[in-house]
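Scroll down for the structure; my scribbles are underneath it.
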Amino acid sequence: MNKPIIEVKELKTSFRTDEAEVPVVNGISFHINPGEILGIVGESGCGKSVTSLSIMGLVPSPSGKVEGEILFKGENLADAPESRMRKIRGNDIAMIFQEPMTSLNPVFTIGEQLIESIRIHRKWNKKMAEARAVEMLRLVGLPRAEDLIREYPHQLSGGMRQRVMIAMAMICDPALLIADEPTTALDVTIQAQILELMKKLNKETETAIMMITHDLGVVAEICERVAVMYSGRIVEEADVRTIFQDPKHPYTIGLIQSVPDMRDKKERLYSIPGNVPKPGAAQPGCPFAPRCAHAMDKCVTKTPSLKSLSDGQKVRCWLYEDGKGVKLNDTAIS
Amino acid sequence: MFSYTIRRLTALIPVLLGMTFIVFMMIRAIPGNPAQIILGQQATKKAMAALTKELGLDRPWPTQFWEYLSGIFTGDLGVSLKSRVPISEEIWPYLAATIELSLVAMLIAIVIGVNAGIISAWFQNSWFDYVAMVVALIGVSMPIFWLGLMEQYIVAIQWDLLPTTGRDNIRDPVEAVTNFYLIDSLLNNRFDQFIEVIRHLILPGIALGTIPMAIIARMTRSSMLEVMRSDYIRTARAKGMKMFWVVYKHSLKNALIPVVTVIGLQTGLLLGGAILTETIFGWPGIGTYIYEAISYRDYPVIQSGILVVAAIFVLINLVVDLLYAAIDPRIKYK
């Protein structure tokens with residue numbers, strides 16, 4: 001495989017509050033290869049979104065602090081100046097957000113917002129930019145693109161707006177697209193369409209995608225590799241097939257079990273007991289230990305490291321410390 | 001939009017009618033007889049009765065009111081009891097003087113107020129923010145007459161930088177054409193007079209503009225703070241846009257509606273409420289005109305003066321309402 005498009009090493013993002021410095025992302029490392037779709041999965045509050053904002057250099061300052069390395073094509077973005085980040089944002093790394101309803105500026109037309117996105121980075125005249133905008137709207141499957149550029153966001157449905165957001169993000173041909181829960185706010189049928197579109201664009205333009213989601217269905221649909229995050233750390237990383245067929249970390253197993261299964265008519269849906277620990281609620285040991293059915297004495301005192309298993313699977317759990325681990329079955333956990 | 005404007009204009013008629021009636025009744029409730037004031041303390045009962053009859057003040061008030069109303073619809077605002085000149089001929093120079101001063105005051109207030117508000121919101125909790133908001137607080141709480149007198153005392157008398165009173169140099173008066181002296185001096189090709197008119201406008205302009213400036217600054221700041229937290233501002237930043245344009249283009253247009261409302265209200269207030277400033281600065285405006293009419297019990301002038309001011313106030317509010325639709329495409333008038 002060729003060199004990764006982005007390599008994140010020991011990324012730590014913390015926020016200063018009145019009392020203390022609260023780490024939200026706690027030393028995560030991952031990489032994305034060119035043209036690959038990496039899923040980042042986890043419950044709300046586990047640091048997924050903050051990870052993406054850190055890469056974009058959009059962590060609110062001065063309260064937020066980013067440490068570690070974010071190597072984009074070999075360049076460390078973690079300490080790049082704002083002027084450099086501005087050139088990368090939207091041009092090399094683009095982003096789409098969870099809320100299509102509020103992510104477009106209500107007082108400018110679709111065309112104005114698309115054209116602007118090009119002209120920030122390219123010295124194109126209005127006409128060329130407009131032609132490109134229309135082309136992009138067609139590419140994302142929007143009908144009557146010529147009229148659409150003169151319309152305002154409130155005249156469009158949520159699904160259409162998310163398509164516009166994708167068109168806007170892809171307009172400068174970025175090498176990496178960060179999608180922060182792009183389908184969460186949409187209807188199920190629209191969700192499938194949007195995922196289909198992203199998959200298609202990924203194939204056609206070879207833009208790598210970092211897909212942030214809490215929805216394992218989305219992961220199964222489009223991701224090639226998955227990193228599971230819990231409480232600011234990556235607890236398991238594997239290709240998508242392995243994650244579903246042979247999950248290792250008790251948290252991953254719990255996540256997969258809490259997906260409803262049509263074949264299995266259970267009375268109640270499985271859910272992992274307890275809640276994600278609040279960021280900053282510092283405790284020694286594995287952050288998942290209080291919710292884990294397999295917790296041992298060791299788990300509450302020492303934090304396990306991310307251990308590589310066979311064929312690229314990595315897991316952060318004491319159960320697999322010897323590199324072999326145990327086979328966990330469903331009953332053991334529920 | 002057009003039919004909306006027409007309907008709004010039609011709706012003005014009852015408002016102005018009601019207003020006219022209230023003013024008509026109120027001035028007749030003030031003690032004091034116009035005939036007495038015109039003829040002086042020593043006037044005989046007979047002379048007073050004759051003058052009262054001549055002025056038409058002996059007739060029942062419904063007749064007087066009806067006559068006044070029917071006059072208004074033909075553009076006749078009545079005749080001044082004091083000068084015996086038709087008010088419609090007499091009022092314009094005063095009105096123009098007030099409009100000129102108010103526009104200058106609002107220009108100062110808007111340029112400084114809006115920018116101070118924007119920068120305060122942009123750099124929230126910075127020293128600029130603190131200083132600007134303290135100054136704005138002082139600005140709203142400062143009595144205008146005191147500010148005006150201090151300006152005159154320090155700038156005009158102690159430093160001898162600017163003239164204390166009037167609209168122009170009394171030894172070299174501006175030849176009136178439109179009665180807007182800024183325009184007239186240029187029409188007469190007198191650039192030196194133009195400068196002189198500006199010098200006369202500065203101190204009363206600042207005195208009159210201070211309160212609106214402070215209110216606009218505070219309103220702009222809070223409105224901007226709200227907008228700058230929204231999703232589409234994050235989108236704009238994720239495009240790689242310069243912060244300046246994120247603030248002045250994407251945020252400002254969204255933050256403008258409450259600001260425009262305040263600007264409209266304040267402009268209306270200035271037009272009618274400049275009496276204090278006009279008195280201090282010897283400004284021959286509509287405030288001075290009505291004030292003198294009140295002390296003279298010049299009923300027609302009071303009535304018509306207030307009617308004109310009220311009409312302007314309501315018209316400005318209509319303009320503000322129409323501006324909303326120009327700013328925010330989601331607002332449609334039908």
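Numbered from 1 within each chain, the chains take letters A, B, ... in sequence-line order. Every heavy atom of this structure was used, including side-chain atoms; hydrogens, water molecules and symmetry mates were not.
- Counting heavy atoms from C-beta outward, A:P106 and B:N254 have side chains that approach closer than 4.5 Å.
- When the shell of 6.0 Å around NZ of B:K253 is examined, it contains more than 12 heavy atoms from other residues, nucleotides or ligands.
- In B:F2, the CZ atom is not crowded: 12 or fewer heavy atoms of neighbouring residues, nucleotides or ligands sit closer than 6.0 Å.
- Residues B:Y232 and A:Q113 form no side-chain contact, since every pair of their non-hydrogen atoms from C-beta on lies 4.5 Å or further apart.
- With a threshold of 4.5 angstrom between heavy atoms, A:M85 does not approach chain B through any atom at all.
- The CZ atom of A:R86 lies 9.5 Å from the CZ atom of B:R237; values are rounded to the nearest 0.5 Å.
- Across all their heavy atoms, A:S103 and B:T235 have their closest contact at O-OG1, 2.7 Å.
- In this structure, the portion of A:L104 lying under 4.5 Å from any heavy atom of chain B is its backbone and not its side chain.
- Few gaps surround CD on A:Q155; more than 12 heavy atoms of other groups in view lie less than 6.0 Å from it.
- Scanning all heavy atoms of the two residues, the minimum distance from A:H121 to B:K239 falls at NE2-O, 2.7 Å.
- Looking at A:M101, there are no atoms closer than 4.5 Å to chain B (heavy atoms on both sides), in backbone or side chain.
- Atom CD of B:E226 has 12 or fewer heavy atoms from other residues, nucleotides or ligands within 6.0 Å.
- Counting all heavy atoms, side chain and backbone alike, A:V107 lies closest to B:P329 at CA-CD, 3.7 Å.
- In this structure, CG on A:D180 lies 7.0 Å from CZ on B:R234, to the nearest 0.5 angstrom.
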Is there a side chain to side chain contact (heavy atoms under 4.5 Å, CB included) between A:E116 and B:W245? Walk through the geometry before answering.
CA-CA 11 Å; A:E116 179 185 76; B:W245 292 114; over 6 Å; no

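- What you find for B:H250 and A:F108 is that their closest heavy atoms are CA-CE1, 4.0 Å.
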